[in-house]
Amino acid sequence: MSSRPPAPLASAWRVLAVALTLVLVLVLAAGLWAHWRSLSDDDAARLGARATVASVRTGLRPDPSVLPDAVLADQEAAFGPAATPSQARHLEARGTGAPPGSLADAAAWLEDVARTSPNGELAATAASVAASWRAAEPPPAGADPTARRTEESEAGSGAGSPAASKVPTKEGDGGDTDDDAASSCEPAQLAAVTALDRARFTAEAAAARIPADAAQRGTMDAVTDTLDATLREPAVTPMLSCDPAPVAGGHVLPAGFAEDPARAVGGTLREASATLVSAVGASSPEGRDWLLTALLETAVAAQHLDPEHPVPALPGRD
């Protein structure tokens, strides 16, 4: 008998050999592509943000009673998987810069990512972590973290709720047009304005309950002034003409207000921070400046008014 395999069996082996060769070629091609492909700007920003959190976690080692390692671990994981060897090589070739020298430096770096990234998810995560770090950082000696823009507020015209800005202006006086207002009626930004107005309403009510000569009264007035200044921002005023209006009134004081007004205000500021993070993710880079400023102010003020509340790891993202 012949020792040669039957023709169909030999043909099957040839097909298998060709298939295995093709698989090997594809695997090698994929490996070479992963090794040599360039690092996108989006990946570079994400990995840079992740590396910043890792540097804070291992280098700066913040006070664990304020920022526990578990919180920093969650923040690091929020920026996705670690760099592959190829990505790490490309990132190093781009130049990663010196590690942050302080929590404030690290927060400023993430704020820049949040302000400029075209990726809304990345921008929102970076803004969220930056707000957490700003809230955890103690203010400079003698500084009131709730009064960053009191002078701006005092320079503004009018009194009471910024809803007064909705009064129509005469043609040609520099007022916003109907088309301008319509283009500003983005749901996420409107939700942020509503949350800020509710926080302002709660702070105003709290100030009315605190004696004029009490130390907390000055803090509450400063919070109210800062929120008023935010709601009078040029980027915000067109939204006041949206339908429905984001500051139409009808706010309800939060639970626990009667027992601890300051803590209740801190809670509404924390809620405002969460809506601001969502608005950052839903907005273009050109429209994020006022959102980020308001986010950092509300996060810091909320922690100042309610220091017993743990600093959120990822406000608006968890």
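Of all the heavy atoms in Ser278 and Gly316, the pair that sits closest is OG-O, 4.2 Å. Contact record, Thr275 with Ala191: OG1-O, 4.1 Å, taken as the closest heavy-atom pair. Listed here is the closest heavy atom pair of Pro307 and His304: CD-O, 3.6 Å. Here the closest non-hydrogen pair linking Ser283 and Gln189 is OG-NE2, 2.9 Å. Ala54 and Glu76 make their closest contact through CB-OE2, 3.6 Å (heavy atoms, listed as atom of the first residue, atom of the second, distance). Smallest separation of non-hydrogen atoms from Val71 and Ala313: CG1-CB, 3.5 Å.
At a threshold of 4.5 Å between non-hydrogen side-chain atoms, the residues Leu67 and Leu103 count as touching. A heavy-atom distance below 4.5 Å is found between the side chains of Leu269 and Val223. Residues Leu276 and Thr298 have side chains in contact (heavy-atom distance under 4.5 Å, counting atoms from C-beta outward). Inter-residue side-chain proximity for Trp133 and Leu110 is flagged as met; some heavy-atom pair is nearer than 4.5 Å. With a 4.5 Å cut-off on side-chain heavy atoms, Leu292 and Glu111 do not count as touching. At a threshold of 4.5 Å between non-hydrogen side-chain atoms, the residues Arg134 and Gln303 do not count as touching. Using a 4.5 Å heavy-atom threshold, the side chains of Glu271 and Arg198 count as touching. For the pair His90 and Asp43, the minimum side-chain heavy-atom distance is 4.5 Å or more.
Distance alone, capped at 3.5 Å, is enough to place a donor-acceptor pair between the Glu186 side chain and the Ala188 backbone. For Arg288 (side chain) and Ala114 (main-chain N/O), a donor-acceptor pair under 3.5 Å exists by modelled atom type. Using a distance-only test at 3.5 Å, with no hydrogens or angles considered, no donor-acceptor pair links the side chain of Ser117 to the main chain of Val113. Remark: the backbone N or O of Val56 is not paired with any side-chain donor or acceptor of Arg61 at under 3.5 angstrom. In this structure a side-chain-to-backbone donor-acceptor pair under 3.5 Å is present from Thr52 to Gly48. A distance-only check finds a donor-acceptor pair linking the side chain of Arg46 to the backbone of Pro81 [under 3.5 Å].
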Practice task
Starting from the C-alpha separation in whole Å, work towards a yes-or-no answer on side-chain contact (heavy atoms from CB on, under 4.5 Å) for Leu291 and Val277.
Solution key: CA-CA 8 Å; Leu291 293 167; Val277 168; over 6 Å; no
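The structure places SG of Cys242 at 4.5 Å from CG of Leu190, a figure rounded to the nearest 0.5 Å. Atom CZ in Arg232 sits 5.5 Å away from atom CG in Asp228 (nearest 0.5 Å). A distance of 11.0 Å separates OG in Ser55 from CH2 in Trp109, rounded to the nearest 0.5 Å. Atom CZ of Arg50 sits about 9.0 Å away from atom CZ of Arg57, to the nearest 0.5 Å. Here Thr219 contributes atom OG1 and Ile210 contributes atom CD1; the two are 8.0 Å apart, rounded to the nearest 0.5 Å. Distance check: Glu297 CD to Thr230 OG1 gives 5.0 Å after rounding to the nearest 0.5 Å.
Judged as a ring pair (Phe, Tyr, Trp, His ring centres under 6.0 Å), not a single pair has a partner in residues 55-81 (not counting sequence neighbours).
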For residues 122-132, dump all side-chain donor-acceptor pairs below 3.5 Å to protein atoms at least two apart in sequence or in another chain.
| unit_1 | atom_1 | unit_2 | atom_2 | d |
| --- | --- | --- | --- | --- |
| Thr125 | OG1 | Glu121 | O | 3.0 |
| Thr125 | OG1 | Arg317 | NE | 3.4 |
| Thr125 | OG1 | Arg317 | NH2 | 3.3 |
| Ser128 | OG | Pro315 | O | 2.8 |
| Ser132 | OG | Gln75 | NE2 | 3.1 |
| Ser132 | OG | Pro312 | O | 2.7 |

Donor-acceptor contacts, no H, no angles, side chain residues 244-259, under 3.5 Å, sequence neighbours left out:
| unit_1 | atom_1 | unit_2 | atom_2 | d |
| --- | --- | --- | --- | --- |
| His251 | NE2 | Asp197 | OD2 | 2.8 |

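Judged by distance alone, the side chains of Ser65 and Asp63 do bring a donor and an acceptor atom under 3.5 Å apart.
For Arg217, the CZ atom is densely surrounded, since the number of other residues' heavy atoms within 6.0 Å is greater than 12.
Using a 4.0 Å cut-off between charged side-chain N and carboxylate O, Arg200 and Glu204 make a salt bridge.
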